[in-house]
Number of protein chains: 2
Amino acid sequence: MLATSFTEENYLKTIFHLSTPQTVAVNTNAIADVLKTKAASVTDMLKKLAEKDFINYVKYQGVTLTPKGNQTALNIIRKHRLWEVFLVDKLNFKWDEVHDLAEDLEHINSTKLINSLDEFLGFPKFDPHGDPIPDKNGVLNEPALLPVSKMKINQTGIISGVREHTSVFLNYLEKVGLVLGKKILIKETIEFDGSVIIDIDGKAQTISRDVAKNLLTAV
Amino acid sequence: MLATSFTEENYLKTIFHLSTPQTVAVNTNAIADVLKTKAASVTDMLKKLAEKDFINYVKYQGVTLTPKGNQTALNIIRKHRLWEVFLVDKLNFKWDEVHDLAEDLEHINSTKLINSLDEFLGFPKFDPHGDPIPDKNGVLNEPALLPVSKMKINQTGIISGVREHTSVFLNYLEKVGLVLGKKILIKETIEFDGSVIIDIDGKAQTISRDVAKNLLTAV
DNA sequence: TATAATTTTTAGATTAACCTAAAAATTATA
DNA sequence: TATAATTTTTAGGTTAATCTAAAAATTATA
Ligand SMILES: [Mn+2]
Ligand SMILES: [Mn+2]
Ligand SMILES: [Mn+2]
Ligand SMILES: [Mn+2]
């Protein structure tokens, strides 16, 4: 009952990530998309997870996590993010190289290991992508960040997170100097294509709507 | 073809550990014993591993590793031992607490990760139990160690390894001060039960035949 | 609001890794 | 060296996680 397989853990994490305060319930197809599996397979797993009291599942109505499911998901996310910090801070990985490895490492189950790692890393509050790290009690402080696409002309902000973790996106950000902690100023937004001209390190830089939507700032 | 499952890796590692220079071939039952599975299951897997060219398998005659199987096993062992060093040196685990966790961590597959970890740890040559760590090319230097049970009266030696990795054994060794690096002298061997009286830190200590057989020294 | 489109579930298979029981081969022993 | 004991393999099933195709339910639209 308490044991969760690698696969079950990935489902719970995915349901967590697809749940937002606005979301009523997470859809079967959305889960299938993320996990690159088929809707029929998802339905099978949802029945199993509901049986084990990890999710609330009503046929055709989507799912929500139970408190137990939520805690389990938070624990996996804690492990994922702490391993990412380890890889970047201690093993000198780049921020675009750690996600896939953390997808595997997050399934290593040892409370002692993860709490020791947390201490070894100095109890970091954020991972290399600016995502907050749940503490050992599963408490997560999600800072209120604003996508660049929602910022106003002349508003300044500190780059503090990303919504995309792909290597190709993170590499691009690094190339144009849009790294965590950098201060930016909104100069102009182009209505035609949603691109944004920002001021970074005193010089103008145009970013596409796609980039602006996936780049988060603390304002 | 190149992908090896968690299970296949455990079989290859087990076959490696059961192979000694003297061994002609490893038996089905021996593998089943170590992996706590049934002989029929082992036979199934042996066919699969032979098909993938990891082992030489002749029905009823046991198995040997092919060069490819040997390299794969050495790589898993390299990972296992490096993770053990990490846990002890960096996360302050005791030497009796690391084996089971390393059994999981050894299946994380990333050459970059393991080589970075190796460097981070200062390219250790031995794990916390005195076992040698294969280098990145799979080269393993097995030092010639002597079990205490084979030492002669008045012979001295440095505790350098163990043949048993169970927590209960390692804890006992620690309790009586038989830790890696310690110098011992053989005072007397008791023919009746094979126990051995040794000199350690200037005082006499009796150890059983079982302990003497599982404790290795460099002489 | 009836029909069409979409989403979700069910039915029925497949695969990897395991199992028990029985058959076959090997090894030990009288 | 024939028979007994042991080891190993085969035969036939199970379970978790997946799949495709078809049926059922929900949602969108005319
Ligand atoms: Mn990640
Ligand atoms: Mn991250
Ligand atoms: Mn070990
Ligand atoms: Mn070891």
Side-chain angles (χ1 to χ4, degrees), chain A residues 1-15 18-19 22-65 69 72-73 76 103-104 106-107 109, chain B residues 1-15 18-19 22-65 69 72-73 76 103-104 106-107 109:
Chain A
M1 272 297 174
L2 237 149
T4 46
S5 70
F6 189 101
T7 309
E8 288 170 341
E9 289 187 354
N10 282 334
Y11 273 87
L12 291 176
K13 192 183 50 158
T14 300
I15 294 166
L18 290 173
S19 307
Q22 303 87 277
T23 330
V24 184
V26 176
N27 304 318
T28 301
N29 270 345
I31 298 168
D33 255 33
V34 173
L35 292 177
K36 291 178 175 58
T37 183
K38 297 293 143 76
S41 308
V42 174
T43 301
D44 281 351
M45 182 57 84
L46 294 184
K47 285 184 202 160
K48 189 178 167 191
L49 291 174
E51 182 61 42
K52 289 185 166 192
D53 193 35
F54 285 115
I55 61 172
N56 305 113
Y57 171 53
V58 182
K59 259 196 201 182
Y60 293 101
Q61 306 302 296
V63 295
T64 56
L65 291 170
T72 306
I76 301 160
E103 288 290 305
D104 291 339
E106 73 189 7
H107 301 290
N109 279 320
Chain B
M1 274 297 175
L2 237 148
T4 46
S5 70
F6 188 102
T7 308
E8 288 169 341
E9 289 187 355
N10 281 335
Y11 272 87
L12 291 176
K13 192 182 51 157
T14 299
I15 295 166
L18 290 173
S19 307
Q22 303 88 277
T23 329
V24 183
V26 176
N27 304 318
T28 301
N29 270 345
I31 297 168
D33 254 32
V34 173
L35 293 176
K36 291 179 175 57
T37 183
K38 295 294 142 77
S41 308
V42 174
T43 301
D44 281 351
M45 183 57 85
L46 294 184
K47 284 184 202 161
K48 190 177 165 194
L49 291 174
E51 182 60 42
K52 288 183 165 193
D53 193 35
F54 284 115
I55 60 172
N56 305 114
Y57 172 52
V58 182
K59 257 196 202 179
Y60 293 99
Q61 306 301 296
V63 295
T64 56
L65 292 170
T72 305
I76 300 160
E103 288 290 305
D104 291 339
E106 72 188 8
H107 301 290
N109 279 320

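Each chain gets a letter, A, B and so on, in the order the sequences are listed, and its residues count up from 1.
The residue Asp44(A) sits close to a base: some heavy atom pair falls under 4.0 Å. Thr7(B) comes within 4.0 angstrom of sugar-phosphate atoms only, judged by non-hydrogen atoms across all strands, and of no base. Looking at heavy-atom distances under 4.0 Å, Thr28(A) makes contact with sugar-phosphate atoms alone, never a base. Counting non-hydrogen atoms under 4.0 angstrom, Tyr57(A) reaches the backbone sugars and phosphates but no base. Using a 4.0 Å heavy-atom distance criterion, Tyr11(A) is classed as a sugar-phosphate-only contact.
Between Asn27(A) and dT8(C), a side-chain N or O to OP1/OP2 separation shorter than 4.0 Å is present. OP1 or OP2 of dT9(D) has at least one side-chain nitrogen or oxygen of Thr43(B) nearer than 4.0 Å. A close approach under 4.0 Å does not occur between any side-chain nitrogen or oxygen of Lys36(A) and OP1 or OP2 of dT18(D). Applying the 4.0 Å criterion to OP1 and OP2 of dT18(D), one finds that Lys38(A) has every side-chain N and O outside that range. Between dC19(C) and Thr37(B), a contact under 4.0 Å exists linking OP1 or OP2 to a side-chain N or O.
Listed nucleotides dT10(D), dT26(C), dT10(C) differ in distance to Lys59(B); the shortest reach to its side chain belongs to dT10(D). For Tyr60(A), whose side chain is taken as the heavy atoms from C-beta onward, the closest listed nucleotide among dA25(C), dT10(D), dT26(D) is dT26(D). Among the nucleotides dT7(C), dA24(C), dT10(D), the one closest to any side-chain atom of Asn29(A) is dT7(C).
Remark: C1' of dT27(C) and CD of Gln61(B) are 11 Å apart, rounded to the nearest angstrom. Atom CG in Asp33(B) sits about 10 Å away from atom P in dT8(D), given to the nearest Å. Leu35(B) places its CG atom 19 Å from the P atom of dA16(C), with the value rounded to the nearest Å. Taking atom CD1 of residue Ile31(A) and atom P of nucleotide dT18(D), one finds them 12 Å apart after rounding to whole Å. Rounded to an integer number of Å, the gap from Lys47(B) NZ to dA11(D) C1' is 10 Å. In this structure, the CG atom of Leu46(A) is 11 Å from the P atom of dT10(C), given to the nearest Å. Here the P atom of nucleotide dT18(D) and the CG atom of Leu49(A) are 11 Å apart, to the nearest Å. Atom CZ of Phe6(A) and atom P of dT18(D) are 10 Å apart (whole Å).
Taking a pair to require two hydrogen-bonding distances under 3.5 Å in either a Watson-Crick or a G-U wobble arrangement, dA24(D) pairs with dT7(C). Base-pair partner of dT15(D): dA16(C) (Watson-Crick or G-U wobble, both distances under 3.5 Å). Applying the Watson-Crick and G-U wobble criteria (two distances, each under 3.5 Å), dA30(C) pairs with dT1(D).
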| said: For a side chain to side chain contact (heavy atoms under 4.5 Å, CB included) check, start with the C-alpha distance between Met45(B) and Val42(B), then their side-chain angles and the critical distance, and finish with the verdict. | reply: CA-CA 5 Å; Met45(B) 183 57 85; Val42(B) 174; 5.8 Å; no
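No side-chain heavy atom of Thr23(A) sits less than 4.5 Å from a side-chain heavy atom of Leu18(A). In this structure the side chain of Ile76(A) never reaches within 4.5 angstrom of the side chain of Thr4(A), judged on heavy atoms. Between Phe6(B) and Asn109(B) the shortest side-chain heavy-atom distance does not fall below 4.5 Å.
Along DNA chain D, the nucleotide nearest to Ala39(A) and the one nearest to Gly62(B) differ in position, and the one closer to the 5' end is contacted by Gly62(B). Comparing Val42(B) and Ser41(A) by the nucleotide of DNA chain D that holds the closest heavy atom to each, the one mapping nearer the 5' end is Val42(B).
Side chain to side chain, Asp104(A) and His107(B) fail the donor-acceptor criterion of an N or O pair below 3.5 Å.
Here the NZ-OG1 distance, from Lys38(A) to Thr28(A), works out to 15.0 Å after rounding to the nearest 0.5 Å.
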